[in-house]
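Numbers restart at 1 for each chain; the letters A, B, ... are given by sequence-line order, proteins then strands.
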Protein chains: 2
Amino acid sequence: MKIGELSERSGLPASRIRFYEANGLLPEAARAPNGYRDYDASMIGRLRIIDLAKSLGFSLEEIANLLPAQVDLKPSCETVSSALTRKLAAIETHMDKLRETRARIEAALHFMQSQPDGAEPRDMSDVRF
Amino acid sequence: MKIGELSERSGLPASRIRFYEANGLLPEAARAPNGYRDYDASMIGRLRIIDLAKSLGFSLEEIANLLPAQVDLKPSCETVSSALTRKLAAIETHMDKLRETRARIEAALHFMQSQPDGAEPRDMSDVRF
DNA sequence: GTAAACCTTAAACCATAGTTGAAGGTCAAG
DNA sequence: CTTGACCTTCAACTATGGTTTAAGGTTTAC
């Protein structure tokens, strides 16, 4: 399969497939005698895994580290599990920050509501949230 | 007060103060006869409000829309309250997305654990999380 | 023979929030 | 009078991440 067909079958532009290869998310493609990339059908699955990982919040760099570029070297279940677990922890951290910001915004909102109607928000400069 | 003094008193580099003015976060500064910006003490408070808003997750563009550049035109409590309320809603939306991603990662993790030891993660391509 | 598909490399794009530099004007001290 | 500190404007650069496009050159297909 040439890159154009893989592109059609995967729904990704060929430029992106080349980019992923150049950045270690895909193994270096085998080449036909004319120099064209030559893929087998398993690449479609691999591209879907990449999409899945992206949608779970993994950066391309993380994905490249997780899916080794050597075709026959596959990540162990432990490698993947621990990456997922770490990503879970990162999400918790992120959510904690959002909760703290939410609390500060709520405090600001309550402060606004406790102020007389004509108060000037600029006076908030003395207030700490 | 010249920009250098405002810079010292506010803790922000003069370059940033000029940048804020150029981007509509601050009113156009009054000018001394020599062209130098001439500030009064209220600017310090205004800069602190900007810092506060940034720390609550408002972008510079949002802040510029919220704090009109005309010195004497001040946002009403309602304007500020509704901006805060909208930001709160945005945070909830964001947290919902994180919760969904977290659930999908957990599903992937459970799937991994249910797999035999030698299973190849690349086979996950058929699985939808 | 010409158009479409492929190749490479490099550069541009998007957004955000600035910082830095160049070229030049102004001001206080010694 | 001159040196250095400060001021002006405007443009270009920084960084991050993921793409996309452009330019220029083969190869294949009809």
### Query
A/Glu61 has an atom CD; how far is it from atom C1' of D/dG18, in whole Å?
13 Å
### Query
Taking only side-chain nitrogens and oxygens of A/Arg16, does any of them come within less than 4.0 Å of OP1 or OP2 of D/dT20?
yes
### Task
For A/Glu61, look at atom CD and say whether over 12 heavy atoms of other residues, nucleotides or ligands are found less than 6.0 Å away.
no
### Query
Got a sec: does the CD of A/Glu8 have more than 12 other heavy atoms crowding it under 6.0 Å?
no
### Query
In whole angstroms, how far is the P atom of D/dT9 from the CZ atom of B/Phe19?
15 Å
### Message
Nearest whole Å is fine: how far is D/dT8 P from B/Tyr39 OH?
### Response
7 Å
### Query
Could you give the NZ-to-C1' distance, from A/Lys54 to D/dG17, as a whole number of Å?
10 Å
### Message
I'd like to know if B/Arg102 and A/Glu92 make a salt bridge, using a cut-off of under 4.0 Å between side-chain N and carboxylate O.
### Response
yes
### Message
Assess whether a salt bridge exists between A/Lys87 and A/Glu62, defined as any Lys/Arg side-chain N lying under 4.0 Å from an Asp/Glu carboxylate O.
### Response
yes
### Query
Between D/dC6 atom P and B/Ile17 atom CD1, what is the distance in whole Å?
14 Å
### Message
Side chains of B/Arg86 and B/Ser82 only: does a donor on one sit below 3.5 Å from an acceptor on the other?
### Response
yes
#### Entry: Interatomic distance, B/Glu21 CD vs D/dC7 C1' [rounded to whole Å]
13 Å
### Query
Base, sugar-phosphate, or nothing: which does B/Arg18 touch, judged by heavy atoms less than 4.0 Å apart?
base
### Query
OP1, OP2 of D/dT27 versus side-chain N and O of A/Arg37: anything below 4.0 Å?
no
### Task
Give a yes/no answer on whether the side chain of A/Arg31 brings an N or O atom under 4.0 Å of OP1 or OP2 in C/dT8.
yes
### Query
Just how far, in rounded Å, is C1' of D/dC6 from OH of B/Tyr36?
6 Å
### Query
Does A/Asn34 place a side-chain N or O at less than 4.0 Å from the phosphate oxygens OP1/OP2 of D/dT28?
yes
### Query
Please give, in whole Å, the distance from D/dT19 P to A/Tyr20 OH?
4 Å
### Task
Would you mind telling me which residue lines up with the more 5' stretch of DNA chain C, B/Ser59 or A/Gly4, judged by nearest nucleotide?
A/Gly4
### Task
Looking only at side-chain atoms of B/Leu60, point me to the closest of C/dG18, D/dT20, C/dT19.
C/dG18
